[in-house]
Amino acid sequence: MARYTPSEIEAKWQEAWEKTEAFKALRTADKPKYYVLEMFPYPSGRIHIGHVRNYTMGDVIARYKKANGFNVLHPMGFDAFGMPAENAAMASGGHPKDWTYDNIDDMVAQMKPLGFGLDWSRMFATCDPEYYGRQQALFLDMLEAGLVYRKNAVVNWDPVDMTVLANEQVIDGKGWRSGAEVERRELTQWFFKISDMAEELLDAIDTLDDWPAKVKLMQANWIGKSRGLQFSFSLIDGPEGHDRVEVYTTRPDTLMGASFVGISPDHPLAKQLEKDNADLAAFNAECRKGGTTEEALEKAEKKGFDTGLRVRHPFDTAWELPVYVANFILMDYGTGAIFGCPAHDQRDLDFARKYSLSVVSTYVPEAGEDSFTPPEDGGEAYVPPKTEKVRYVKGFAGDEVQTGNEGVETAIDFCEASGVGQGVTKFRLRDWGLSRQRYWGCPIPVVHCDDCGVVSEKKENLPVELPYDEDGKPIDFSIPGNPLDRHPSWRNTTCPSCGKPALRETDTMDTFVDSSWYFARFTSPDAETPTRMEDAEYWMNVDQYIGGIEHAILHLLYSRFFARAMHITGHLPAKCAEPFNALFTQGMVTHAIYQTKDDKGRPVYHLPEDVDLETKTVKATGESIEIVPSAKMSKSKKNVVDPVNIIAEYGADTARWFVLSDSPPERDVEWTAAGAEAAYKHLSRVWSLSEKIADMVPDTPGQGDEDLLRAMHKTIFEVTQGVESFGFNAAIAKLYAFTNTLAKSTAGQAVKSEAIKALAQLMAPMTPHLAEDIWAMQGGDGLIVNAPWPVADEQFLVEDTVTLPIQVNGKRRGEIEVAKDLPKDEVEKAALSVDAVQRALDGATPKKVIVVPGRIVNVVV
RNA sequence: GCCCGCGUGGUGGAAUGGUAGACACAGGGGACUUAAAAUCCCCAGGCAGGAAUGCCGUGCCGGUUCGAGUCCGGCCGCGGGUACCA
């Protein structure tokens with residue numbers, strides 16, 4: 001008997017697909033199009049089992065849509081700029097470019113054997129000059145359209161290495177290499193005006209019907225529209241040029257509970273005051289230490305400095321409040337100044353208690369709750385949801401009892417009417433800083449000229465290419481900082497406007513720029529311009545986008561912005577404003593960690609192949625291991641599973657089948673070697689089953705043809721539904737069940753052959769090589785990859801009888817089988833006559849009998 | 001800190017507000033075999049019981065409902081994001 005040998009059949013069918021160009025994306029008038037895209041990978045050098053899962057899901061959709069008569073675009077590329085390439089060059093010499101392209105070659109070589117239905121002819125990497133040159137053209141068009149500008153912004157500055165650090169390079173406020181305390185420093189940087197589109201990006205979220213609700217919610221919260229009051233406190237004896245402090249508040253209804261004014265250490269007033277106040281200067285300098293992340297700022301201990309200045313309350317000129325500089329107030333949000341109301345904000349309360357400031361409640365729970373302790377008396381800050389009704393004890397506008405939202409609105413109206421301030425709508429979303437002081441990124445194509453200022457490079461001079469060498473010598477990456485800064489032959493150029501000597505911009509672009517339009521470039525990867533309209537018109541939008549939840553906010557929001565910007569600059573049609581029609585976010589692949597402890601109690605990690613799971617010991621030393629289940633795969637914890645080994649041992653179809661089975665795609669999946677083994681066994685079984693059926697004498701009669709057909713059509717229906725709804729794991733469970741049914745069936749040869757062909761077709765998107773082999777064995781027409789998707793025959797789906805569970809007071813006590821359309825009162829009678837139900841009733845008379853047709857009967861006593 | 005998720009047997013997980021544990025893995029029992037591997041069949045949430053069956057059970061506490069894994073409120077734990085990781 002022959003055996004299932006993936007190594008042979010997988011190579012064979014991949015060759016057949018390649019020969020027939022089965023996955024080449026073609027524009028033809030006779031078919032609708034379908035664009036399926038997985039978030040492209042960073043070329044780390046090794047594919048990861050998580051990639052296999054991501055691309056397999058996309059491939060299932062792509063092959064399924066092809067079978068349903070679509071022209072499918074399913075491309076692949078690489079998000080190839082970024083820090084790891086420079087880090088590698090720093091750590092072990094070499095050049096980021098060589099490192100990156102070598103990694104891409106390696107990853108393609110690892111991906112090809114998986115048999116993904118990709119149009120490889122469209123592949124590109126974002127570090128290809130053909131790609132980033134067009135990105136530079138796009139940048140210049142955006143600059144011209146007023147979507148780009150320069151302003152100062154803070155970066156993490158390492159004072160020892162004299163370089164800018166990424167947030168992940170700041171560990172506990174210190175530089176990762178130098179260990180020096182990081183400072184926040186201001187630089188002039190390039191920005192995209194994404195905040196101009198805040199309202200539009202927020203409103204359009206409602207049109208994204210096929211996006212996960214959680215992603216839409218996260219984006220809406222990130223954009224953060226708020227309604228508040230902007231007004232000023234007049235400053236008593238302020239320094240020259242400062243007679244008031246402008247504040248923004250989303251809680252003007254708490255104005256009568258104000259106890260202090262806080263300003264950011266970067267506020268103009270704070271900067272003015274520190275000139276004559278060494279203590280304040282020291283305090284501000286201390287505040288400017290540490291990283292720039294929101295997390296670091298929020299978690300830092302809340303500290304303040306009393307400036308000694310005082311302001312007048314806008315409603316009562318006799319009421320004075322102290323002005324503090326506080327480290328938790330951001331210059332970037334609002335006006336960089338706030339008033340603190342300790343009674344209704346825990347952070348302000350902590351601050352007030354620390355500096356002995358007054359605490360005054362402006363509202364209390366509507367109905368006096370016994371358990372309520374006002375913050376004045378040592379309780380927590382009272383912060384109910386804004387939708388909840390509260391009783392204003394120090395209100396000044398609107399009803400005494402109203403919701404927080406009503407309180408805010410009436411307070412704004414009152415303040416506007418009395419000339420105290422204006423109602424203002426603000427967004428949390430900040431403009432997108434794209435400048436990076438690094439080498440391995442897309443150069444920003446502008447020139448700095450002493451006479452002409454900042455001048456765009458001419459489009460015919462694009463791409464502004466990254467220099468590979470420096471005066472004939474390899475660029476030295478061992479020195480911290482941006483090599484472009486110290487590269488005279490590259491940096492010195494002539495002004496495109498006046499022709500005089502000038503300097504190139506040495507900042508490169510954030511890699512999020514690269515990934516914000518690659519999906520559009522895939523529609524015409526060889527175009528001279530960023531996109532070609534007729535291709536974009538045909539292939540856009542992406543019908544199904546698949547990627548990790550970690551990109552829920554930034555990548556997706558930036559792409560939405562770019563799609564709009566590309567329309568404004570004439571690179572995309574208007575219909576592409578929202579470029580991703582449907583989004584699916586898949587979970588991570590996790591794996592157990594095997595660890596021991598060293599003599600100091602620190603964990604030591606071991607590779608899965610180095611441990612014996614039977615005895616739970618390290619093979620080499622015999623030490624017993626501790627097993628930490630389900631941890632995110634990470635190289636440092638040595639729990640990364642390399643799919644290459646799995647493919648070598650079991651074949652691509654097994655790897656594909658396993659990553660789809662068991663776990664719902666949106667959830668994290670635990671990789672276990674036993675699971676892969678089981679998947680392989682099952683595929684072998686299906687293959688053998690096909691061989692047995694192929695060996696049957698044609699037209700051999702049997703019993704149960706109708707039952708098998710019934711099961712087959714039901715499976716076609718359920719699997720189709722599963723694939724449509726990303727229920728791959730559920731679809732696979734149905735395929736298991738149908739395989740069991742088919743294996744046990746005594747039906748005739750003709751029906752069995754029909755059934756195994758249907759099974760192969762249903763499995764084809766998941767295990768395409770095995771499916772082709774079975775199809776060929778059963779004499780199927782052509783390649784299965786070109787066969788139309790099977791359709792379930794309705795007449796086999798209807799059932800005549802139905803099993804109804806019977807509950808008594810919500811507890812299941814028995815069941816009855818009845819005709820599907822039996823009237824309710826008959827069902828009720830049948831249900832009550834069941835022995836177990838009578839026993840459970842124990843003589844009691846039912847008060848009510850609830851009959852849910854086709855579902856359940858509940859007898860209420 | 002803030003925003004968003006997730007939590008079901010020994011394990012992965014299934015379940016339009018309607019029989020909790022489908023389908024698998026690991027495990028136990030059996031068949032085949034000189035034997036093993038492979039394959040096939042059966043059992044299997046926990047507790048009690050020979051069984052029939054009963055009670056308990058979807059992280060914890062409470063609520064809505066005839067009925068809650070599912071909806072609502074409050075906790076606990078884990079994960080993602082937090083604007084220079086990609």
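Lettering of chains follows the sequences in order, A, B, ..., and the numbering in each one begins at 1.
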Handout entry: salt bridge (charged side-chain N to carboxylate O under 4.0 Å, His left out) partners for A:Asp431, two or more places apart
Key = none

Exercise for the section: Compute the centroid of each ring, for A:Phe519 and then for A:Tyr545, and state whether the two points are separated by less than 6.0 Å. Expected result: no

Problem - Under-4.0 Å side-chain N/O to phosphate OP1/OP2 contact, A:Arg667 with B:A14 - result: yes

Handout entry: A:Asn729 vs B:A14: side-chain N/O to OP1/OP2 distance below 4.0 Å
Key = yes

Exercise for the section: Can you establish whether the number of heavy atoms outside A:Asn152 located under 6.0 Å from its atom CG is more than 12? Expected result: yes

Exercise for the section: For atom NZ of A:Lys386, decide whether the heavy atoms of other residues, nucleotides or ligands shown that lie under 6.0 angstrom number more than 12. Expected result: yes

Fill in the blank from the handout: Heavy-atom nearest nucleotide on RNA chain B taken for A:Leu804 and for A:Thr292; more 5' hit belongs to A:Leu804

Exercise for the section: Using a 4.0 Å heavy-atom cut-off across all strands, classify A:Val852 as base, sugar-phosphate, or nothing. Expected result: base

Exercise for the section: Quick one: label A:Arg685 by what it contacts on the DNA or RNA (base, sugar-phosphate, nothing), any heavy atom closer than 4.0 Å. Expected result: sugar-phosphate

Completion exercise
Atom NZ of A:Lys811 and atom C1' of B:A20 are separated, to the nearest Å, by 14 Å

Fill in the blank from the handout: Taken to the nearest whole Å, NZ/A:Lys848 to C1'/B:U65 is 10 Å

Please list, pair by pair, any protein nitrogen or oxygen found under 3.5 Å from a nitrogen or oxygen in nucleotides 43-54 of chain B.
from: B:G54; atom 1: OP1; to: A:Arg813; atom 2: NH1; distance (Å): 3.4

Practice task
For side-chain contact (heavy atoms from CB on, under 4.5 Å), just list the numbers for A:Ile732 and A:Tyr736, CA-CA rounded to whole Å, side-chain angles, deciding distance to a tenth of an Å, and then say yes or no.
Solution key: CA-CA 6 Å; A:Ile732 282 181; A:Tyr736 266 109; 3.7 Å; yes

Handout entry: A:Arg428 charged N/C atom sitting above A:Trp222 aromatic ring, 6.0 Å / 45°
Key = yes

Problem - All stems with RNA chain B, defined as three or more consecutive Watson-Crick or G-U pairs under 3.5 Å - result: B:1-7 with B:76-82, B:10-12 with B:23-25, B:27-31 with B:39-43, B:45-48 with B:53-56, B:59-63 with B:71-75

Exercise for the section: Would you check if A:Phe78 and A:Met107 make a side-chain contact, meaning some heavy-atom pair closer than 4.5 Å? Expected result: yes

Exercise for the section: Could you walk me through whether A:Lys299 and A:Glu295 pass salt bridge (charged side-chain N to carboxylate O under 4.0 Å, His left out), step by step? Expected result: CA-CA 6 Å; A:Lys299 280 189 176 170; A:Glu295 187 191 3; 3.1 Å; yes

